[in-house]
Q: 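The structure follows.
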There are 2 protein chains.
Amino acid sequence: MPQRGRPRGFDREEALRRAMEVFWTRGYDNASLADLTRAMGINAPSLYATFGSKEALFHEAVALYVQTEGSGIWEQVETAPTAHAAIAHVLHATAEAFTRGDTPRGCMIVLAAPQMQGANAQVCDALKAHRKENGCLLERRLRRAVEEGELPASTDCRALASYFVTVQHGMSIQARDGASRETLLRIADCAMASWEALTS
Amino acid sequence: MPQRGRPRGFDREEALRRAMEVFWTRGYDNASLADLTRAMGINAPSLYATFGSKEALFHEAVALYVQTEGSGIWEQVETAPTAHAAIAHVLHATAEAFTRGDTPRGCMIVLAAPQMQGANAQVCDALKAHRKENGCLLERRLRRAVEEGELPASTDCRALASYFVTVQHGMSIQARDGASRETLLRIADCAMASWEALTS
DNA sequence: TTGTTTGTGTATCGATCACTACATAAATTG
DNA sequence: CAATTTATGTAGTGATCGATACACAAACAA
């Protein structure tokens, strides 16, 4: 039995994409329902009937962000031939993604709710979990590089992973403050310059 | 002529300090007047009579933050014997300041209004200006190090400054996410590990 | 056609937002 | 003692917050 009642008058995915951009630009709390419905081209009852609540919409927007925007940054970590290439790609792809021009600057996961004490703890926790996952991803890749002989057994994989995600997070602030793609790429290169010293 | 009418019933500096902690923890927009007046132990009319507005109170809180909390991080940049020592101290002092225990984690300047599209543009711009000033401070110190012969003339002082402030900003996110002092110190050491490669 | 189901638009809801009018309290000045 | 000045507490202001009640529109099933 396909759809029963009146069909939806708008594209759910397109509306979600618009909502993602609003959350990305303004953050969770500062994105009002008026902002969201205006950007999505629908009225509040349609939003609630389709997505449930502002928070549920946000979680869907985060999932879409991770799937579309985040993938270009993180997807090659596992498949890159070396840990060095994997992390260099993460930082360079970050510089590119944060200055694309047609999307908000910086990372939604980092910038959308950094306060942790806002009205909605679940929103903060979800973003925090995503940030942590990125660090774990890098740490796993570094551990694999140790197993495969790319890096010495003495490598402090956790410290390196923390360091590189810290740079990646800091690049969000720089991007929001207007840093150019060239500046972000130079920051990435500076960060990678510690590779030799940290893996020997 | 010392004070004329009824004397103020609370300590202005103490109240400002309390307000600073609220803004530091919750950010500008998420800090409601109810939060502020509760923490400050006063009613709204006293707040407005003394500080003018929420925004004016915030600007005073930022100034107090820079003066008290930020000084321990940035004050030795000019006086440190070398640029290397100056920046190493910035990062180590950052790790210490962000995990003090009796103050909120991370930097108020970075975390209090990262969205730039919130209701109040002047608040965002003021914080952005403070962030930029930190980068310029580092860049000036690096240029001086080139003049004094500590660093070669080929050093890209602007790139290095951008890189180290990026790490310093990223540490705010890590601190908010619960990173320990040891973790932040290790991140600082990783960041400094690129010094040799970047200055030769 | 009639009944059922689902989506949409209008017009709100109570709660909270930053902010303030107003009367009173507490000090100095004459 | 007034008279003046400043601060405080109560009780609100209009605006906006996230979220909905409700009537109607548009599809299908019978």
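Note on naming: letters A, B, ... go to the chains in the order of the sequence lines (proteins, then strands), and numbering restarts at 1 for each one.
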Q: Please determine if B/Glu13 and B/Arg17 form a salt bridge, counting it only when a charged side-chain N lies under 4.0 Å from a carboxylate O.
A: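 Looking at B/Glu13 and B/Arg17, the cut-off is not met.
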Q: Ignoring backbone atoms, test whether B/Tyr48 places a side-chain nitrogen or oxygen under 4.0 Å from the OP1 or OP2 oxygen of C/dT20.
A: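 For C/dT20, OP1/OP2 do not have a side-chain N/O of B/Tyr48 under 4.0 Å.
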Q: Using the side-chain hydrogen bond (donor to acceptor under 3.5 Å, both in side chains) criterion, which residues pair with B/Thr25? Sequence neighbours excluded.
A: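 side-chain hydrogen bond (donor to acceptor under 3.5 Å, both in side chains) check on B/Thr25 returns nothing, list empty.
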Q: Of all residues at least two apart in sequence or in a different chain, which pass the side chain to side chain contact (heavy atoms under 4.5 Å, CB included) check with A/Asp189?
A: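 Per chain and number, A/Asp189 pairs via side chain to side chain contact (heavy atoms under 4.5 Å, CB included) with A/His92.
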Q: Other hydrophobic cluster members with B/Phe10, side-chain heavy atoms of Ile/Leu/Val/Met/Phe/Trp/Tyr under 4.5 Å, chained?
A: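 Cluster partners of B/Phe10: B/Leu16, B/Met20, B/Val22, B/Phe23, B/Trp24, B/Tyr28, B/Leu33, B/Leu36, B/Met40, B/Ile42, B/Leu47, B/Tyr48, B/Phe51, B/Leu57, B/Phe58, B/Val62, B/Leu64, B/Tyr65, B/Val66, B/Met108, B/Ile109, B/Val123, B/Leu127.
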Q: Taking only residues two or more places apart in sequence, or in another chain, which ones meet B/Thr37 in a side-chain hydrogen bond (donor to acceptor under 3.5 Å, both in side chains)?
A: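 side-chain hydrogen bond (donor to acceptor under 3.5 Å, both in side chains) list for B/Thr37, sorted by chain: empty.
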Q: Pull out every residue in residues 13-23 of chain A that has a heavy atom closer than 4.0 Å to any atom of DNA chain C, ordered by number, or say none.
A: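 Hits under 4.0 Å, by residue number: none.
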Q: Under the side-chain hydrogen bond (donor to acceptor under 3.5 Å, both in side chains) rule, collect the residues that match up with B/Arg131, sequence neighbours excluded.
A: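 Only A/Asp177 meet the side-chain hydrogen bond (donor to acceptor under 3.5 Å, both in side chains) criterion with B/Arg131.
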Q: Sequence neighbours excluded, which residues qualify as side-chain hydrogen bond (donor to acceptor under 3.5 Å, both in side chains) partners of A/Glu96?
A: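 For A/Glu96 the side-chain hydrogen bond (donor to acceptor under 3.5 Å, both in side chains) partners, ignoring immediate neighbours, are A/Arg100.
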Q: When you check every protein heavy atom under 4.0 Å of nucleotides 4-10 of chain C, what one-letter string (B, S, -) results, 5' to 3'?
A: -BBBSBB
Q: Can you name the residues that form a side chain to side chain contact (heavy atoms under 4.5 Å, CB included) with A/Gln122, not counting sequence neighbours?
A: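 For A/Gln122, the residues satisfying side chain to side chain contact (heavy atoms under 4.5 Å, CB included) (neighbours in sequence not counted) are A/Glu55, A/Asn120.
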Q: Using the side-chain hydrogen bond (donor to acceptor under 3.5 Å, both in side chains) rule, collect all pairs that involve residues 102-113 of chain B, keeping only residues at least two apart or in two chains.
A: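 Those involving residues 102-113 of chain B do not exist here.
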Q: Just how far, in rounded Å, is P of C/dC17 from CG of A/Asn30?
A: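 To the nearest whole Å, that distance equals 14 Å.
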Q: Could you list all N or O pairs between the protein and nucleotides 12-17 of chain D that sit under 3.5 Å apart?
A:
unit_1 : atom_1 : unit_2  : atom_2 : d
D/dC17 : OP1    : A/Ser32 : OG     : 3.4

Q: Please list, chain by chain and in numerical order, all residues satisfying ring-ring contact (aromatic ring centres under 6.0 Å, His included) with A/His84, sequence neighbours excluded.
A: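 In terms of ring-ring contact (aromatic ring centres under 6.0 Å, His included), with neighbours along the sequence ignored, A/His84 is linked to A/Trp195.
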